Amino acid sequence: MKAATLKITTWNINSVRLRMPLVAQFLKSKAPDVLCLQETKCRDSEFPMKDFHALGYNHVAINGQKGYHGVAVVSKRPLRLSQKRDFCDKGDARHISVEVEADGGPITLHNFYVPAGGDEPDVTINPKFLHKLDFLDEMREWIVSQGVSRGRVMLLGDLNIAPLEHDVWSHKALLKVVSHTPIEVEKLTNVFEAGAWIDAMRHFVPRDEKLYTWWSYRAADWEASNRGRRLDHILVSEALGGALQSLDVLREARNWERPSDHVPVTVELST
DNA sequence: ATGGTTGCTTGGCAA
C-alpha cells in the first residue's frame with residue numbers, strides 16, 4: 001500500500017533548459033511527488049517536456065515567457081490547471097496554480113515568482129521596487145477577496161524577501177538591501193496574515209536559527225562567507241498545518257556543477 | 001568604498 005504522504009519541492013532553477021541535468025539528478029535522488037519551479041526562462045514551446053516525461057513526471061503545468069521569469073509545476077500525480085494570474089497586469093509569467101490529487105482530497109498549489117525589485121529600495125527612483133511592493137499588495141488583496149487560503153492550500157515559491165532577522169546572514173547589514181527592508185517585510189507579513197498561513201519552514205526550524213535558501217553568485221566562496229538569505233518559502237493553510245511531516249533544504253545543491261543560486265526546499269505532508 | 005557572477009543573447013539588462 002502506498003504511503004499516504006505527499007512530497008513537494010520548490011526550486012528557483014534560473015533557466016530550466018540549462019539546468020535540466022541538475023533537475024534530473026534531483027528528481028532521481030529525492031523523488032518528490034511535485035516540483036514547483038521558478039525562473040524557467042523559456043517559452044512554453046521550449047519547455048523540456050520530454051525530459052520530465054522520461055523521468056516519470058507526466059503531469060506538467062507551465063506559464064513561461066521568453067528569456068525572463070516563468071513558473072512550472074511538474075508532478076508524478078495528476079494535476080488540474082486552475083489559474084495563471086497576471087499580477088500587476090504586466091504580462092509577466094509569475095504565477096500558476098494547480099490542484100494535485102491526494103488521498104485526503106485535492107490540494108491547491110500556488111506557485112509564485114515575486115519580482116526581485118531592483119537594487120534601490122526607493123520607489124521614487126526605482127520602478128522595479130514599486131512593482132514589487134504593488135505585487136505584494138495585490139497578493140494580499142487577492143488572498144482576502146478570493147478566500148485563497150480556505151481549505152487545503154499551499155502558497156510557495158521564490159518570494160524574494162527574507163522576512164525574519166535570522167533569514168539573513170546579518171539583519172543590520174541588510175536593512176537597506178532590497179529583500180530585507182522593513183517595507184518589504186511588512187508587506188510580506190501582511191500576505192502571511194491575510195491567509196493565516198503557516199510558515200512550513202519555520203515550523204521545523206526555530207526562528208532564532210539561521211536558515212537560508214539562496215547564496216549570491218558574486219561571493220568568491222559562497223560556503224566560506226555563508227552570506228545567505230531565505231528567499232524561498234512554503235506556506236500552508238490552517239487545514240494542512242497538522243499534516244506537516246518534514247523539511248529538507250538541500251544546501252549541497254549549491255555546490256553542484258553550474259548550480260542555481262537557489263537550492264531546492266522540500267516539505268512532506270501526510271495526506 | 002563598492003565590486004563581485006550568471007543567464008539570455010550578442011549589448012545590456014535583470015537578478
Side-chain angles (χ1 to χ4, degrees), chain A residues 10-26 36-48 51 62-72 86-88 90-95 111-123 125-136 156-163 167-170 172-181 183-185 187-188 212-233 251-265:
Chain A
T10 180
W11 193 7
N12 177 319
I13 196 61
N14 187 15
S15 175
V16 68
R17 289 178 296 174
L18 186 68
R19 277 184 248 287
M20 194 61 220
L22 298 186
V23 176
Q25 178 183 337
F26 174 77
C36 297
L37 295 167
Q38 304 87 34
E39 281 206 270
T40 51
K41 292 191 172 177
C42 63
R43 299 179 184 93
D44 290 354
S45 61
E46 299 164 327
F47 192 82
D51 294 312
I62 47 182
N63 183 14
Q65 69 182 85
K66 178 181 159 65
Y68 300 98
H69 323 315
V71 288
D86 182 8
F87 287 82
C88 298
K90 290 174 73 84
D92 285 354
R94 296 183 179 275
H95 168 261
N111 180 15
F112 275 95
Y113 177 53
V114 170
D119 289 331
E120 282 294 332
D122 180 346
V123 297
I125 58 170
N126 175 11
K128 290 199 283 276
F129 193 64
L130 177 62
H131 175 217
K132 184 178 196 176
L133 300 185
D134 287 346
F135 193 102
L136 292 161
L156 50 75
D158 178 3
L159 305 186
N160 264 317
I161 296 169
D167 291 340
V168 293
W169 64 276
S170 168
K172 196 175 168 200
L174 289 175
L175 276 170
K176 292 180 177 172
V177 174
V178 172
S179 72
H180 193 62
T181 65
I183 182 71
E184 292 167 84
V185 170
K187 288 188 183 293
L188 185 63
Y212 312 140
T213 65
W214 172 91
W215 291 263
S216 172
Y217 284 127
R218 297 177 188 176
D221 184 335
W222 76 272
E223 204 162 20
S225 59
N226 196 24
R227 293 183 168 189
R229 304 178 201 171
R230 184 170 72 112
L231 302 180
D232 303 278
H233 298 270
R251 186 184 169 102
E252 69 188 58
R254 187 62 179 77
N255 265 341
W256 290 351
E257 195 179 331
R258 294 200 81 184
S260 169
D261 43 358
H262 297 250
V263 299
V265 180

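Quick note: numbers below take in every heavy atom, side chains included, and nothing from hydrogens, waters or symmetry partners. Not measured: the values here are computed from a predicted model. Numbered from 1 within each chain, the chains take letters A, B, ... in sequence-line order.
Remark: C1' of B/dC8 and CG of A/Asn14 are 10 Å apart, rounded to the nearest angstrom. Atom CG of A/Asp221 and atom P of B/dT5 are 13 Å apart (whole Å). In this structure, the CG atom of A/Asn12 is 12 Å from the C1' atom of B/dG7, given to the nearest Å. A/Asp261 has its CG atom 10 Å from the C1' atom of B/dG7, to the nearest Å. The distance from atom CZ of A/Arg218 to atom P of B/dA14 is 13 Å, rounded to the nearest whole Å. Separating the CG atom of A/Asp119 from the C1' atom of B/dA14 is a distance of 9 Å, rounded to the nearest angstrom. A straight line from CH2 of A/Trp214 to P of B/dT6 spans 13 Å, rounded to a whole angstrom. Whole-Å rounding puts the A/His131 NE2 to B/dC13 P distance at 19 Å.
When the nearest nucleotides of DNA chain B are assigned to A/Ala219 and A/Asp158 by heavy-atom distance, the more 5′-ward of the two goes with A/Ala219. When each of A/Lys41 and A/Arg227 is assigned the nucleotide of DNA chain B bearing its nearest heavy atom, the one mapping closer to the 5' terminus is A/Arg227.
Nucleotides B/dT6 and B/dT2, compared at atom P, are 24 Å apart to the nearest Å. B/dA14 sits 16 Å from B/dT10 when the C1' atoms are compared, rounded to a whole Å. Of the P atoms belonging to B/dT5 and B/dA1, the separation is 22 Å, rounded to the nearest Å. Only the P atoms considered, B/dG7 is 22 Å distant from B/dG3, to the nearest whole Å.
Heavy atoms of A/Arg19 sit under 4.0 angstrom from primed sugar atoms or phosphate atoms, though from no base atom. The residue A/His69 sits close only to the backbone: its heavy atoms come under 4.0 Å of sugar-phosphate atoms, none of a base.
Between A/Gln38 and the options A/Ile13, A/Val114, A/Asn111, a side-chain contact (heavy atoms from CB on, under 4.5 Å) holds for only A/Asn111.
Legend: salt bridge (charged side-chain N to carboxylate O under 4.0 Å, His left out) pairs involving residues 213-225 of chain A, not counting sequence neighbours: none detected.
Contact annotation: A/Lys128 reaches the phosphate of B/dA14 (side-chain N/O to OP1 or OP2, under 4.0 Å). The side chain of A/Ser15 places no N or O atom within less than 4.0 Å of a non-bridging phosphate oxygen (OP1 or OP2) of B/dT6.
Ring-plane geometry between A/Trp256 and A/Trp11 is classed as perpendicular, the angle between the planes exceeding 60 degrees on a 0 to 90 degree scale with a lower cut at 30. Using the six-membered ring where Trp is involved, A/Phe87 and A/His95 have ring planes that are perpendicular, over 60° apart on the 30 and 60° scheme.
Side-chain contact check for A/Glu46 versus A/Arg17: some heavy-atom pair is nearer than 4.5 Å.
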